[in-house]
Structure formats: C-alpha cells, structure tokens
Amino acid sequence: MKRKNFYWSVALVSLVIGVILALQFRMTRDIQHNEAIRRTQELASQVDQLKKEHDVLQPQLTRMREQLEGLSTGPLASQMKAEMELATIFSGLTELTGRGVEVTLKDSNVSQKLTDNPNLYIVHDEDILKVVNELKAAGAEAIAINGQRLVAGTEISCSGPAVRINKKALVPPFVITAIGSPETMEGALKMRGGVAEYLQFFGIQFSVKKLEQLTIPAYSGSLKTDYIIEADADTALAQ
C-alpha cells in the first residue's frame with residue numbers, strides 16, 4: 001500500500017512538472033512571437049518614414065537638377081566658366097605663359113675686408129621680398145622663384161644658408177620670373193633709389209631682362225587652411 005502511494009506521488013509530481021514546463025515553453029514562445037511582431041512593426045514604421053522623407057526630397061532633387069542644368073546651359077554658363085578659370089589662374093593652380101621679366105639675384109662677389117659683416121653681402125629673404133613687392137606694385141600677374149609659384153599662402157623666410165619658399169629650401173642664384181608688362185616692371189626695379197640700386201650698394205649681383213615669352217609653373221603645394229571660414233551670407237549683406 002505504501003509503495004502504491006509512492007508511485008502515485010511520483011506520477012503526480014511528474015504531471016505537475018510537465019504542466020509547468022509546458023506553460024513555460026508556451027510563454028517563452030509567445031514572448032518571442034510578440035517581440036518579432038514588435039520588431040516587424042518598428043521596421044515597417046521606419047520604412048514608412050523613409051518613404052515619406054523620400055517623397056519630400058525627390059521634388060527638391062529634381063528642382064536642383066533642373067537649376068544645375070539651367071546654369072550649365074543657360075546664358076550665364078560662359079560667364080561662370082570664365083570666372084572659374086580666372087579664379088583658378090589667380091589662385092596659382094594653372095601654369096601660365098606670357099610676356100614678362102626674369103630677375104636674377106646672386107650673392108656679392110666683392111672682396112670683403114676682415115672687419116666687414118659677411119651677412120651684408122649675401123641674398124636674404126628680405127631682399128627677395130623687396131623685389132617681389134616691387135614686381136607686384138608694377139602689375140605682375142604671376143610670380144615664381146626658382147620654379148616655386150607664389151600664392152596667397154606663400155611664406156618667404158631665411159633658413160640658415162638657404163631661403164625657404166613654399167616650405168622648400170632654395171639657395172642662390174635666385175631666379176624670379178614674373179608675367180606682366182616687361183617695360184613697366186623693369187622700370188620699377190631700376191628706378192633711382194629703387195630695389196636694384198639698394199641691392200647693388202651691398203654688392204648683390206642683380207640683373208633683369210625682358211622676355212617676350214616665359215612660363216610660370218602651377219603651384220604644387222597644399223592649399224589647406226586652418227583659420228579661414230566662410231562668411232555668413234546674411235551677415236555679409238548686413239555689413
């Protein structure tokens with residue numbers, strides 16, 4: 001009798017455990033099923049939102065394409081192209097050919113006394129700058145020094161026995177080429193009390209010759225800027 005009760009107890013416990021396991025399995029399946037439904041609904045909602053955004057942006061894209069096509073084929077197209085080419089030229093990114101002058105600077109060949117300061121008889125960065133500034137004032141449209149094109153960000157500075165231009169160390173002779181009116185630029189350099197007379201006073205070898213055609217290479221360095229930011233259009237107009 002005791003053994004029979006034991007078997008019934010075991011069977012009852014097994015039945016309860018089975019029911020519990022079945023319920024747990026069903027709850028887990030229902031949870032997973034509900035999670036899948038929720039995720040599907042979220043994705044469907046996102047797709048619907050993206051479709052709405054696409055419907056809003058598509059007309060804008062079409063309008064912008066029409067405007068771009070109008071600019072590229074309209075009456076202002078040739079003017080815009082000319083302005084872009086001019087901007088490229090003045091930014092130094094284009095090789096240029098034209099009339100101009102070639103200025104050559106060399107260290108002095110004058111015999112120096114022991115008491116003389118040797119630094120007075122070699123070409124410095126400030127000497128090159130004097131020539132460059134005079135050429136610019138005389139209307140030079142493009143300038144290069146030993147093949148280095150001068151642009152807005154070009155720095156000319158002494159670096160020991162060399163002069164650094166566009167971060168490259170250059171040594172004499174310094175050949176400065178400039179495109180512009182040869183007569184005007186030569187006259188500006190050779191005028192009384194001008195750059196040529198100043199340099200020759202210290203024995204610096206200075207020569208300038210007019211050329212009917214010379215070529216100035218394009219700038220090959222980096223145009224990266226650290227501080228320039230685009231001005232706000234509304235603010236610029238208000239000023």
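Counting begins at 1 with the first residue of the sequence.
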### Message
Tell me whether Lys106 at atom NZ has more than 12 heavy atoms from other residues, nucleotides or ligands lying less than 6.0 Å away.
### Response
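For Lys106, atom NZ is not crowded (no more than 12 foreign heavy atoms under 6.0 Å).
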Do [X] and [Y] come within less than 4.5 Å of each other through their side chains, counting heavy atoms only?
X      : Y      : value
Met185 : Arg99  : no
Glu53  : Val56  : no
Ser157 : Arg164 : yes
Phe206 : Leu105 : yes
Leu211 : Thr177 : no
Val163 : Val123 : no
Ile165 : Asn146 : no
Arg149 : Leu96  : yes

Cluster overlap [X] with [Y], hydrophobic side-chain contacts below 4.5 Å:
X      : Y      : value
Val103 : Val171 : no
Tyr198 : Phe201 : yes
Met191 : Val101 : no
Ile156 : Ile204 : yes

Kindly compute the distance separating [atom1] ([X]) from [atom2] ([Y]), expressed to the nearest 0.5 Å.
X      : Y      : atom1 : atom2 : value
Ile143 : Ile128 : CD1   : CD1   : 12.0 Å
Gln58  : Gln60  : CD    : CD    : 10.0 Å
Ile216 : Ile145 : CD1   : CD1   : 10.5 Å
Lys52  : Leu50  : NZ    : CG    : 11.0 Å
Asn133 : Glu126 : CG    : CD    : 12.0 Å
Glu141 : Leu135 : CD    : CG    : 12.5 Å

Show the nearest heavy-atom pair for residues [X] and [Y], with the distance to one decimal.
X      : Y      : value
Ala188 : Ala138 : CB-CB, 3.8 Å
Ala144 : Gly147 : CB-C, 4.4 Å
Ser181 : Thr184 : OG-OG1, 3.0 Å

### Query
Does the Glu197 side chain pair with the main chain of Gly193, one donor and one acceptor, at a distance under 3.5 Å?
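Yes; judged by distance alone, with no hydrogens or angles, the pair exists.
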### Message
The criterion is side-chain contact (heavy atoms from CB on, under 4.5 Å); which residues satisfy it with Asn166, sequence neighbours excluded?
### Response
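Asn166: side-chain contact (heavy atoms from CB on, under 4.5 Å) contacts with Gln148, Thr154, Tyr219.
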